[in-house]
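Quick notes on the structure that follows.
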Amino acid sequence: MGQKLKVGILGATGMVGQRFISLLEGHPWFEVATVAASPRSAGKTYEEAVGDRWKMAAPMPDAVKGLTVQNVNEVEKVAAAVEFVFSAVDMTKDEIRAIEEEYAKTETPVVSNNSAHRWTPDVPMVVPEINSGHFEVIEAQRKRLGTVRGFIAVKPNCSIQSYAPCLAAWKEFGPTEVVATTYQAISGAGKTFKDWPEMEGNVIPYIGGEEEKSEQEPLRVLGTVENGQIVKAALPKITCQCVRVPVLDGHTAAVFINFEKKPTKEQLIEKLRDYKGYPQEANLPSAPKQFIRYLEEENRPQVTLDVNFEKGMGVSIGRLREDSMYDYKFIGLSHNTVRGAAGGAVLCAEALTAKGYIKAK
């Protein structure tokens with residue numbers, strides 16, 4: 001690619017917005033040109049607006065420190081300066097749906113980390129290795145919105161990234177039933193231990209809305225495009241419990257699974273290790289060389305050892321074994337704010353760019 005595409009970040013001062021800033025530092029295709037946030041941050045430099053709330057391990061990139069934060073509600077002004085935007089705004093779902101459509105109608109593509117449009121029928125919800133073909137519904141969405149260039153694409157919830165890739169890799173064996181419990185890091189709530197000291201040594205057996213997302217969103221990712229809409233898959237049936245645990249980054253899943261066909265353990269591991277998708281075929285900048293790895297050790301994957309596999313963009317699976325009630329059980333691990341949030345959205349934007357949906361103005 002020649003000149004970098006100018007990108008804006010909506011909700012740039014929050015944790016996911018900060019993760020976008022970090023991941024885009026030195027990106028070969030994209031350059032952060034505009035940061036936007038709530039009116040209370042508007043007019044300040046990005047460094048002033050974030051203040052002591054910078055939550056990333058790496059320091060704030062120098063290139064963004066002096067950028068003046070724009071008012072996210074001044075849609076035309078923000079959109080005029082960029083080729084596309086990443087959305088991580090902190091609003092109600094109705095407000096998010098409205099503002100993301102408003103940006104799209106300025107002919108600005110929106111790649112969203114938010115959940116508001118995940119079930120809009122003509123909005124693709126994509127894990128690029130699994131269902132990049134769903135981007136084709138963008139043409140139907142553009143007709144609805146009355147746009148030529150603008151559209152909305154989203155990535156799914158962070159909680160499904162540690163087991164949904166397995167369902168795609170094992171599709172030929174016909175997964176029929178999945179029982180999953182996810183053990184989710186506090187950064188998924190936009191928190192650190194400094195913000196949330198009561199999570200130290202604690203487990204909370206409830207995360208609002210997560211169980212429904214964890215049960216339903218994999219079916220949309222595994223679904224099909226029919227008449228300009230995404231139709232979710234009928235199988236597997238999924239039931240899930242979601243638990244908040246005292247871990248900063250990394251969602252772990254304990255999963256039980258039944259299949260229509262009865263694969264061997266060796267067949268299942270081979271499918272995981274060999275699984276590739278469009279990002280690997282197209283050699284996208286943020287694509288992990290190995291999307292899913294299988295770990296033979298009995299005590300892996302572990303958050304401290306494995307969460308940053310492939311710079312947080314890979315998924316680690318272990319402890320695959322036969323079960324007394326289900327066909328198999330296994331443990332999965334993914335980085336919730338990289339693969340599960342901003343990194344997944346950046347990879348979506350790279351795929352959209354490579355496929356010609358995002359272009360220079």
Could you check whether any side-chain N or O of Y294 sits under 3.5 Å from a backbone N or O of L320, counting only pairs where one atom can act as donor and the other as acceptor? yes

When you check the gap from the basic side-chain N to the acidic O, do K105 and E102 get nearer than 4.0 Å? no

Hydrophobic clusters here meaning ILVMFWY residues chained together by side-chain heavy-atom distances under 4.5 Å, can you tell me if V346 and V127 are in one? no

Should the ring pair H27 and F30 be called parallel, tilted or perpendicular, given that the plane angle runs from 0 to 90° and is split at 30 and 60? parallel

Determine the minimum heavy-atom distance between V303 and G250, stating which atoms define it. CG2-O, 4.5 Å

Of T108, T106, I9, the one forming a side chain to side chain contact (heavy atoms under 4.5 Å, CB included) with V85 is T108

Would E217 and R220 count as a salt bridge (charged side-chain N to carboxylate O under 4.0 Å, His left out) here? Give the steps. CA-CA 5 Å; E217 289 188 14; R220 192 164 196 257; over 6 Å; no

Do Q141 side-chain atoms and I152 backbone N/O form a donor-acceptor pair below 3.5 Å? yes

Enter the distance from E76:CD to Y103:OH here, rounded to the nearest 0.5 Å. 9.5 Å

Closer than 4.0 angstrom, basic N to acidic O: yes or no for E298 and R319? yes

With no hydrogens and no angle check, just 3.5 Å: does a side-chain donor-acceptor pair link R339 and S334? no

Write down the atom of I204, the atom of N202, and the distance for their closest heavy-atom approach. CG1-ND2, 3.9 Å

About how many Å separate CD1 of I160 and CD of E215, when rounded to the nearest 0.5 Å? 12.0 Å

Would you say CD of Q241 has more than 12 non-hydrogen atoms from neighbouring residues, nucleotides or ligands within 6.0 angstrom? no

Residue pair R273, E296: steps toward the salt bridge (charged side-chain N to carboxylate O under 4.0 Å, His left out) verdict: CA-CA 12 Å; R273 287 176 169 160; E296 299 284 353; 3.2 Å; yes

Angle between ring planes, F259 versus F173, binned at 30° and 60°: parallel, tilted or perpendicular? perpendicular

Any side-chain donor-acceptor pair under 3.5 Å between T45 and E47? no

Check whether S112 reaches the backbone of N114 with its side chain - one donor and one acceptor, N or O, closer than 3.5 Å. yes

Can you see whether R293 engages S316 through a side-chain donor-acceptor pair at a distance of less than 3.5 angstrom? yes

Atom NZ of K213 with >12 non-hydrogen neighbours under 6.0 angstrom: yes

Only one of F256, Y163, W170 clears ring pair (Phe, Tyr, Trp, His ring centres under 6.0 Å) with F330; which? W170

Under 4.5 Å between side-chain heavy atoms, counting indirect links through other Ile/Leu/Val/Met/Phe/Trp/Tyr residues: same cluster for V315 and I238 or not? yes

Check whether L24 and M56 end up in the same hydrophobic cluster, where Ile, Leu, Val, Met, Phe, Trp and Tyr are linked by side-chain heavy atoms less than 4.5 Å apart. yes

Is a donor from one side chain sitting under 3.5 angstrom from an acceptor on the other, for E210 and N157? yes

Pick out which of T192, D195, T337 makes a side-chain hydrogen bond (donor to acceptor under 3.5 Å, both in side chains) with K55. D195

Minimal non-hydrogen separation, P288 against E129, with atom names: CD-OE2, 3.6 Å

Taking the six-membered ring for Trp, are Y46 and W54 parallel (under 30°), tilted (30 to 60°) or perpendicular (over 60°)? perpendicular

Kindly compute the distance separating CG (D274) from CD1 (I292), expressed to the nearest 0.5 Å. 10.5 Å

Donor + acceptor pair across side chains of Q70, T34 (<3.5 Å): no

Could you walk me through whether I358 and F151 pass side chain to side chain contact (heavy atoms under 4.5 Å, CB included), step by step? CA-CA 9 Å; I358 295 176; F151 64 86; 3.9 Å; yes

Does atom CD of E212 have more than 12 heavy-atom neighbours, drawn from other residues, nucleotides or ligands, at distances under 6.0 Å? no

Between L268 and P263, which heavy-atom pair has the shortest distance, and what is it? CD2-CG, 3.6 Å

Pair L5, W29 - check side chain to side chain contact (heavy atoms under 4.5 Å, CB included), show working. CA-CA 6 Å; L5 297 175; W29 293 5; 5.9 Å; no

Do any N or O atoms from the side chain of K4 and from the backbone of P28 form a donor-acceptor pair under 3.5 angstrom? no

Determine whether more than 12 heavy atoms belonging to other residues, nucleotides or ligands lie under 6.0 Å from atom NZ of K143. no

Please check: side-chain N/O of R244 versus main-chain N/O of P205, any donor-acceptor pairing under 3.5 Å? no

Heavy-atom neighbours of K262 NZ exceed 12 at 6.0 Å: yes

Assess whether side chain to side chain contact (heavy atoms under 4.5 Å, CB included) is satisfied between H251 and Q161, documenting all intermediate values. CA-CA 8 Å; H251 286 358; Q161 311 283 338; over 6 Å; no

SB check E198 K191 (cutoff 4.0 Å): no

Please say yes or no: joined through hydrophobic side-chain contacts below 4.5 Å, possibly via intermediate residues, are F291 and I269 part of one cluster? yes

Examine distances only and state if a side-chain atom of K6 and a backbone atom of E31 form a donor-acceptor pair shorter than 3.5 Å. no

Between the CG atom in N308 and the CE atom in M313, the distance rounded to the nearest 0.5 Å is 12.5 Å

Check for a donor-acceptor pair, side chain of N113 on one end and backbone N or O of S87 on the other, with a separation under 3.5 Å. no

Please check if the side chain of E260 supplies one atom and the backbone of T176 the other of a donor-acceptor pair under 3.5 Å. no

Sole candidate of V123, L352, D122, L145 that passes side chain to side chain contact (heavy atoms under 4.5 Å, CB included) when paired with I138: L352

Flag for Q290-E310: side-chain donor and acceptor within less than 3.5 Å: no

Around atom CG of N227, are there more than 12 heavy atoms of other residues, nucleotides or ligands at under 6.0 Å? no

Looking at G11, is its backbone amide N or carbonyl O close enough to the side chain of D90 to form a donor-acceptor pair, meaning the two atoms are under 3.5 Å apart? no

How close do F84 and A349 get, counting heavy atoms only, and between which atoms? CE1-CB, 3.8 Å

Using the rule that Ile, Leu, Val, Met, Phe, Trp and Tyr join whenever any side-chain heavy atoms are under 4.5 Å apart, tell me whether F135 and F86 fall into a single cluster. yes

K329 atom NZ: more than 12 heavy-atom contacts under 6.0 Å: yes

Crowding at NZ, K276 (>12 non-hydrogen neighbours, <6.0 Å): no

Side chain to side chain contact (heavy atoms under 4.5 Å, CB included) between M91 and E100, intermediate numbers included: CA-CA 11 Å; M91 299 176 175; E100 288 183 348; over 6 Å; no

Note: L347 and S286 closest approach over all heavy atoms is CD1-C, 3.9 Å

Using the side chain to side chain contact (heavy atoms under 4.5 Å, CB included) definition, which of the options V179, I257, L167 pairs with P236? L167

So, the side chain of Y183 versus the backbone of V247: is there a donor-acceptor pair under 3.5 Å, distance only? no

